Amino acid sequence: MTTTSPLTGIRVLERTSSQAGRVAGMLLADLGADVVRVVAPGWAPAPPQSPAGPADLCWDRGKRFVADSPELPRLARAADILIDDAPPGAARPDGLDAPSLLAEHPSLVHVAMPPHGGAGRWRDLPADPLLTSALGGFAVHHPSHQAPTPIASVVPLLAALHGALGAMTAAAGLLGARATGHGRAFEVSGLHASAAALATMVVDGLDVDRVAGTDGQLPTRPNFRTYRCADGRWLHLSALTADFFLPALAALDRMDVMLLPGVEGEFTNVLIAEIGRAVGEELERTFAERPCDEWLAILAEAGVPSAPVRTREEWLGGDIIKVAAPPVTLPHPTLGSVVLPGVPLSLPDTPAAVRHLPDTSRLTAAADLWQDGPTATAPDGPATALPLEGLRVLDLATFLAAPIAGSLLADLGATVVKVESLRGDPYAIYSAPYAAVNHAKTVVSVDLRSPDGHDLLLRLAGDADALIDNLRPASASRLGLAHETLSGANPRLVHCSVSAFGPSGPFADLPGFDPVLQSRSGLAAAQGGDDEPVPTISPVVDVTTGALAALGTLAALVARGRTSRGQHVTASLAATSTFLQLAELTSYPGRPPVEKGGRDYRGPGPARRYHQARDGWVALAASTPEQENAVATLLGLDALTDESVAKALAANPVEHWLGEFARAGVPACRVTPKEGFLLDPYLQDNDFTHVIRDPQLGRFRLVRGYFRQLLPAPATATPAEWPVSLVDSAATVHEGFETVPDDAR
């Protein structure tokens, strides 16, 4: 039997230049789509020995190329998906705008991926991770020693997440078009990626005195940070909840810290920054007494998540990546063998694969592409409010990575029922982050260990389209929820399992949180450079894993339309840690060195860096020699150094410099300050937030979502009845969150 990929036969026209847009196309190509990227006439890829060389090899893998020409509107009308990452104000050929295309091709899925937002002052700035992080708040929520000063990510994490969200939204639109014949136009901007990365961190409680969180300063939470051991090596203690932190203290023989002033025996007090620092100082002294491996063994014996801080080279040579995302080796005509990270998803019945390196030596003639019409169904009746309306999803997951996959599907219109144990989700101790991840779901408590509860879950699975869990294999078998059991209840069910280390191998049954994989995969070491390791406080590995899991689920549902069968999709934090470092982990003879971070890292050079002006911070993003010369001329400097540029910019306020840099043609913007972040005017211009009401704690302001539907204009979806007809005395349905008017600005 011939095995096809989930998106076999799907046509994608990719009009992109940024990392985010190209990664979105790359993921769709990995999943089997025919992706054709539009490039300028005479375009050539970066030389392999240049800094951009590795990126060109991985971000364009599996694609074909066509030169920009008047044929583009015809190609767009023959495609299933169009990805366009140009800023909103950029010039476009006639007929290539979303309204014109959808008028002629009603089943097209049009995904706009502007780098910084669809509206407001900064919408037309060029793509640059430094600018996106500044505008969307990632920079000021990154850990630093002098918070709240902005920090640059040495790995462009937001761009990778942006790409995953773009591909996921395209797949959702495709699934909706396959069901109804109606296409969509979406906007998935860099601000949406920022919102996703910060969703659990930037929550304002409007009716409570304090929301548990972190001030972003190093070190903060003693239960969730790196410690240096007696041999000079570092480990990350990832005891996110009391169920992990108290056993950790017992294993360390330091239960006495729970009696420190301010702690008073209460775990939630440890989360208060000033108290947490004092606890952390106590534990620093303890960890300094023994070598790293000894502590790791002690913590593992106690069942506490922890990890050694390792390099990328150690990660690539280890056993975890061989299971979670096996690297692939492909031939190159001049470089020899090129090793690339593998596909970050597994769909065993319709496999995804890295098919080939980009062949940029030849372009496909536009006249030879897609001569027949579009492949989607003709529209039959009115469009639904959102593309996934009518889709039924069970969410059996806890904490963050897997639940956010369900949240993304819910935001796109699916009816999502979250099934929790009688104890609830342990993550609910963090009330505001829990609300951010689960506010769009119906929450049901079920005793899955009881016969009635187990039978109810199988009845729900029998009536669902997809099920998402993060049960480790041993737990799934113990609860009678292994894939074979669920598939037996519903052969059409798409079952997506999210894990820390992959579905098999010696690590499969170990717990793991976001910073465990940041530490193991080299991300934390790369950000710290030659100084101490720095895992980002933002759960970007978790969130990107959720986006990839949602993408895999949707791709499997598209494949189900062809095969009439579901399958077991798997995603993992380990695979995502590799995906986030695609270019950095691509290797071949003579590849250029990878950028290194350092203590309070603010950018790779003096003209591409965060600098402090008189009254705030400026993100300066000169990326060409001409722009660097313009900076030097403007500042009256013979040579650009970090110190000389910093001294010059400190003399005047932010707005002065933004005007000067704009006149000089140098990209720059303000760094959105942490104080009053959620009410920042630029973010409000882009509908960044909304207000929901928690049944117990009242109103929270949190980020609105991770995409925007432009066409058709989103309508109010009809409330779904499922699973009311199936839920009985074996379950308790909780009062849900509701969106309320935003009258608190």
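For clarity, every value in this text was computed on a predicted model and none was experimentally measured.
The nearest pair of heavy atoms linking Ala630 to Ala664 is CB-O, 3.9 Å. The two residues Pro54 and Pro51 have their closest heavy-atom pair at CD-O, 3.7 Å. Between Leu335 and Pro589 the shortest heavy-atom distance is O-CD, 3.5 Å. The minimum heavy-atom distance between Ser238 and Pro515, with the atom names listed, is OG-CG, 4.0 Å. Shown here for Ala196 and Tyr706, the closest heavy-atom pair between the two residues is CA-CE2, 3.4 Å.
Annotation: side chain of Val66 is not in contact with side chain of Val39 (no heavy-atom distance under 4.5 Å). The shortest side-chain heavy-atom distance between Ile81 and Arg11 does not fall under the 4.5 Å cut-off. Between Leu165 and Phe707 the shortest side-chain heavy-atom distance does not fall below 4.5 Å. Using a 4.5 Å heavy-atom threshold, the side chains of His332 and Leu57 count as touching. Side-chain atoms of Ile151 and Gln527, non-hydrogen and from C-beta on, do get closer than 4.5 Å to each other. Side-chain contact between Arg520 and Pro308 is present, with at least one heavy-atom pair separated by less than 4.5 Å. You'll find the side chain of Leu582 reaches within 4.5 Å of the side chain of Met26, heavy atoms only. Taking 4.5 Å as the limit, every side-chain heavy atom of Val323 sits out of range of all side-chain heavy atoms of Phe501.
Counting only N and O atoms by type, the side chains of Asp600 and Ser144 include no donor and acceptor under 3.5 Å apart. Side-chain atoms of Ser5 and Arg355 form a donor-acceptor pair, as typed in the model, at a separation below 3.5 Å. Of the N and O atoms on the side chains of Glu14 and Thr16, at least one donor lies less than 3.5 Å from an acceptor on the other residue. Side chains of Arg602 and Thr149: a donor-acceptor N/O pair is present below 3.5 angstrom, by distance only. Residues Arg61 and His356 bring no donor and acceptor atom of their side chains to less than 3.5 Å of each other. There is a side-chain donor-acceptor pair under 3.5 Å between Trp315 and Thr578. In summary, the side chains of Gln581 and Arg312 do present a donor paired with an acceptor at a separation below 3.5 Å, with no hydrogens or angles considered. Side chains of His192 and Ser194: no donor on one and acceptor on the other come within 3.5 Å.
Every residue two or more places apart in sequence or in another chain that forms a side chain to side chain contact (heavy atoms under 4.5 Å, CB included) with Ser538 is listed here: Phe138, Ala197, Leu198, Met201, Thr536, Val540. A search for salt bridge (charged side-chain N to carboxylate O under 4.0 Å, His left out) contacts involving Arg608 returns Asp128, not counting sequence neighbours. Looking at residues two or more places apart in sequence or on another chain, you find no ring-ring contact (aromatic ring centres under 6.0 Å, His included) involving Tyr610.
Distance OG/Ser18 to CH2/Trp59: 8.5 Å, rounded to 0.5 Å.
For the pair Asp85 and Arg15, the salt-bridge criterion is not met [side-chain N within less than 4.0 Å of a carboxylate O]. Ion pairing between a basic and an acidic side chain is recognised when a charged N comes within 4.0 Å of a carboxylate O; Asp359 and Lys63 show no such pairing. Contact check on Arg121 versus Asp685 returns no salt bridge, with no Lys/Arg side-chain nitrogen under 4.0 Å from an Asp/Glu carboxylate oxygen.
In this structure, Tyr682 has its ring center no closer than 6.0 Å to that of His116.
Panel note: side chain Asp56, backbone Ala46; a donor-acceptor pair is recorded below 3.5 Å. Side-chain N or O atoms of Arg92 include one that pairs as donor or acceptor with a backbone N or O of Ala90 at under 3.5 Å.
Relative orientation of the Phe688 and Phe677 rings is perpendicular, given thresholds of 30° and 60° on the angle between their planes.
Remark: Arg670 is not positioned above the aromatic ring of Trp122, lacking an NZ or CZ atom under 6.0 angstrom from the ring centre and at most 45 degrees off the axis.
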